[in-house]
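First up is the structure itself, then whatever we jot down about it.
Each chain gets a letter, A, B and so on, in the order its sequence line appears, and its residues count up from 1.
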Number of protein chains: 2
Amino acid sequence: MLQKKWRMTNQRRVILEELRNSKEHLSADELYMRVKKKLPNVSISTIYRNLEELAEQGLIRKLGPQSIQKRFDANIQPHFHIRCVKCGRIDDVPFSMVSEVSQAIRKTTAMVEKITGYDVLGYHLEFLGICPECRKKEEKKERERNGR
Amino acid sequence: MLQKKWRMTNQRRVILEELRNSKEHLSADELYMRVKKKLPNVSISTIYRNLEELAEQGLIRKLGPQSIQKRFDANIQPHFHIRCVKCGRIDDVPFSMVSEVSQAIRKTTAMVEKITGYDVLGYHLEFLGICPECRKKEEKKERERNGR
DNA sequence: TTATTAATGATAACTATTTGCATTATAGTA
DNA sequence: TACTATAATGCAAATAGTTATCATTAATAA
Ligand SMILES: [Mn+2]
Ligand SMILES: [Mn+2]
Ligand SMILES: [Zn+2]
Ligand SMILES: [Zn+2]
């Protein structure tokens with residue numbers, strides 16, 4: 001498991017610092033503006049590279065979509081989804097299966113509104129996992145590694 | 001509330017048809033490939049325009065991220081988020097406030113795995129709403145409309 | 001101090017999506 | 001049916017966010 005060596009550069013330190021000093025959930029370009037005040041020559045690609053790296057190391061969290069492209073569903077009945085983190089495929093999770101979950105969520109709405117000050121309009125719940133096809137592929141790889 | 005007239009064009013009909021015929025959750029370009037087989041001259045921008053339009057009309061559902069850009073959080077403690085659908089701002093929802101929800105979700109994991117065939121790794125829960133600032137703006141607009 | 005190589009800055013490339021605009025075609029009306 | 005207003009289209013160019021390339025710099029360990 002030879003892992004590459006980790007260097008704490010000036011840029012990396014300031015990026016982490018600025019993100020930690022902010023109560024907001026900054027986007028790459030917002031963070032870029034702030035880091036530039038400390039390090040005027042910093043490049044936007046350094047911001048992106050470090051955000052990826054820091055998220056991979058578990059020092060920060062990447063919010064929102066991992067895949068960039070939108071998907072569409074002709075089934076407008078209430079149901080949930082599970083997305084494969086390997087290939088991006090999306091499958092259905094029937095509403096009935098998690099109706100207690102949505103009940104529990106609805107029960108918290110008033111409290112969430114009170115604490116956050118938002119008008120809560122709804123929520124978005126999505127499961128993440130590895131689809132059967134991707135699991136088979138991984139198992140095959142594993143077998144080849146061991147069996148060789 | 002003068003709303004513009006709705007025309008059921010050939011392209012729109014086929015786009016909806018193809019999405020309905022598919023059990024998958026198609027992306028714009030996947031759908032484009034399928035529609036092209038029926039309408040070889042169709043344009044990718046027609047696909048995009050119609051998906052937006054159909055979603056707005058409630059005939060289909062747009063999955064995944066509404067905002068395109070990623071955001072980052074230096075707080076790696078377990079907590080949830082609420083996103084303003086008007087301005088994209090993200091605020092925290094403390095874990096304690098929805099711990100029953102996450103308990104309920106964990107309880108369903110085995111069932112979700114059984115039905116979908118996925119290995120469930122986790123989930124993503126995000127509340128949607130209107131932030132205090134955007135509400136104020138809306139209220140002001142409303143007053144101006146009425147008061148005039 | 002020196003050698004190794006991770007990381008950087010500048011820029012080009014890329015992907016998904018949106019926009020501008022001249023042209024076409026739908027739906028309502030005569 | 002023919003006419004008309006304008007919604008919608010096809011094509012191309014533009015945009016946004018992000019990722020890749022590569023010569024150069026600088027952090028670490030010996
Ligand atoms: Mn679905
Ligand atoms: Mn947060
Ligand atoms: Zn998969
Ligand atoms: Zn807002």
Side-chain angles (χ1 to χ4, degrees), chain A residues 1-19 25-57 59-60 62-72 83 87-90, chain B residues 1-19 25-57 59-72 83 87-88 90:
Chain A
M1 300 287 115
L2 52 151
Q3 61 183 30
K4 84 179 153 186
K5 278 162 204 154
W6 174 264
R7 291 181 185 176
M8 182 48 74
T9 61
N10 216 26
Q11 291 90 330
R12 187 162 288 169
R13 191 178 42 71
V14 174
I15 286 168
L16 191 51
E17 238 169 59
E18 288 298 312
L19 193 60
H25 299 82
L26 301 175
S27 61
D29 58 310
E30 286 167 346
L31 187 56
Y32 177 48
M33 296 309 174
R34 299 186 183 206
V35 172
K36 253 209 299 216
K37 287 178 184 165
K38 301 276 172 70
L39 303 171
N41 293 322
V42 76
S43 160
I44 183 68
S45 50
T46 297
I47 305 291
Y48 276 108
R49 269 187 302 237
N50 276 288
L51 286 173
E52 282 307 314
E53 190 64 34
L54 291 167
E56 201 153 318
Q57 299 290 326
L59 291 170
I60 66 173
K62 201 194 313 187
L63 307 183
Q66 14 288 85
S67 97
I68 220 168
Q69 84 183 339
K70 292 173 186 135
R71 294 187 168 270
F72 298 85
R83 185 160 38 81
C87 68
R89 169 180 158 188
I90 294 179
Chain B
M1 298 290 112
L2 52 150
Q3 62 182 31
K4 83 178 154 187
K5 277 161 206 156
W6 175 263
R7 290 182 187 174
M8 182 48 74
T9 61
N10 215 26
Q11 292 89 331
R12 188 163 288 169
R13 191 178 41 72
V14 174
I15 286 168
L16 191 50
E17 239 169 58
E18 288 298 313
L19 193 60
H25 299 83
L26 300 176
S27 61
D29 58 310
E30 286 167 348
L31 187 55
Y32 177 48
M33 297 308 174
R34 298 185 184 206
V35 172
K36 253 208 302 215
K37 287 179 185 165
K38 300 276 172 70
L39 302 172
N41 293 322
V42 76
S43 159
I44 184 68
S45 49
T46 296
I47 305 291
Y48 276 109
R49 270 187 301 237
N50 276 289
L51 286 172
E52 281 308 311
E53 191 64 33
L54 291 167
E56 202 151 320
Q57 300 289 326
L59 292 169
I60 66 172
R61 265 174 71 184
K62 201 195 313 184
L63 307 183
Q66 12 291 85
S67 99
I68 220 169
Q69 84 183 337
K70 292 173 188 138
R71 293 187 169 271
F72 298 85
R83 184 160 38 83
C87 68
I90 295 178

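The phosphate of dT19(D) has OP1 or OP2 within less than 4.0 Å of a side-chain N or O from Lys70(B). The side chain of Arg12(A) contributes an N or O atom lying less than 4.0 Å from OP1 or OP2 of dA7(C). For Ser43(B), no side-chain nitrogen or oxygen approaches OP1 or OP2 of dT9(D) to under 4.0 Å. The phosphate of dT19(D) has neither OP1 nor OP2 within less than 4.0 Å of any side-chain N or O from Tyr48(A). Proximity of Gln11(B) to the phosphate of dG10(D): a side-chain N or O atom is located under 4.0 Å from OP1 or OP2. Side-chain N/O atoms of Asn50(A) include one lying less than 4.0 angstrom from OP1 or OP2 on dT8(C).
Between the Arg71(B) side chain and the His25(A) main chain, a donor and an acceptor come within less than 3.5 Å of each other.
The side-chain heavy atoms of Val35(B) and Lys38(B), taken from C-beta on, include no pair separated by under 4.5 Å.
For the pair Ser43(A) and Tyr32(A), the tightest heavy-atom approach, listed with the atom from each and the gap, is C-CE1, 3.9 Å. Of all heavy-atom pairs spanning Asp29(B) and Ile44(B), the tightest one is CA-CD1, 4.4 Å. Contact record, Phe72(A) with Leu19(B): O-CD1, 3.8 Å, taken as the closest heavy-atom pair. Across all their heavy atoms, Leu39(B) and Gln11(B) have their closest contact at CD1-CA, 3.7 Å. Pairing each heavy atom of Glu18(B) with each of Leu26(B), the nearest pair is O-CD1, 4.5 Å. Residues Leu31(B) and Ile15(B) approach most closely at CD2-CG2, 3.9 Å, considering heavy atoms.
Within residues 34-41 of chain B, the residues that place at least one heavy atom under 4.0 Å from DNA chain D are, in residue-number order, Asn41(B).
The base of dT6(D) lies close enough to the side chain of Arg7(B) for a donor and an acceptor atom to sit less than 3.5 Å apart.
Atoms CG and OG1, on Leu51(A) and Thr46(A) in that order, are 10.5 Å from each other to the nearest 0.5 Å.
In terms of position along DNA chain C, the nucleotide closest to Ile44(B) lies nearer the 5' end than the nucleotide closest to the other residue of the pair Ile44(B) and Thr9(B). Mapping Glu53(A) and Asp29(B) onto DNA chain C by nearest heavy atom places Glu53(A) at the nucleotide closer to the 5' end.
Distance CD (Glu56(A)) to P (dA7(C)): 12 Å, rounded to an integer number of Å. Look at CG on Leu54(A): it is 14 Å from C1' on dA6(C), rounded to the nearest Å. Distance CD1 (Ile47(A)) to P (dA20(D)): 17 Å, rounded to an integer number of Å. Rounded to whole Å, atom P of dA16(C) lies 10 Å from atom CD of Glu30(B). Spacing between atom CH2 of Trp6(A) and atom C1' of dA27(D) amounts to 13 Å, rounded to whole angstrom units. Going from atom CZ of Arg49(B) over to atom P of dG20(C) covers 12 Å, rounded to whole Å. Atom OH of Tyr32(A) is separated from atom P of dG17(D) by 14 Å (rounded to the nearest Å). In this structure, Asn10(A) places its CG atom 20 Å from P of dA6(C), rounding to the nearest Å.
Base contact: Ser45(B) has a heavy atom under 4.0 Å from a base atom.
A salt bridge links Glu17(A) and Arg13(A); the closest N-O separation between the charged side-chain nitrogens and carboxylate oxygens is under 4.0 Å.
One end of the helix from dT1(C)-dA30(D) to dA30(C)-dT1(D) points its axis 30° away from the other end's axis, with each axis taken from 5 pairs and the angle rounded to 10°.
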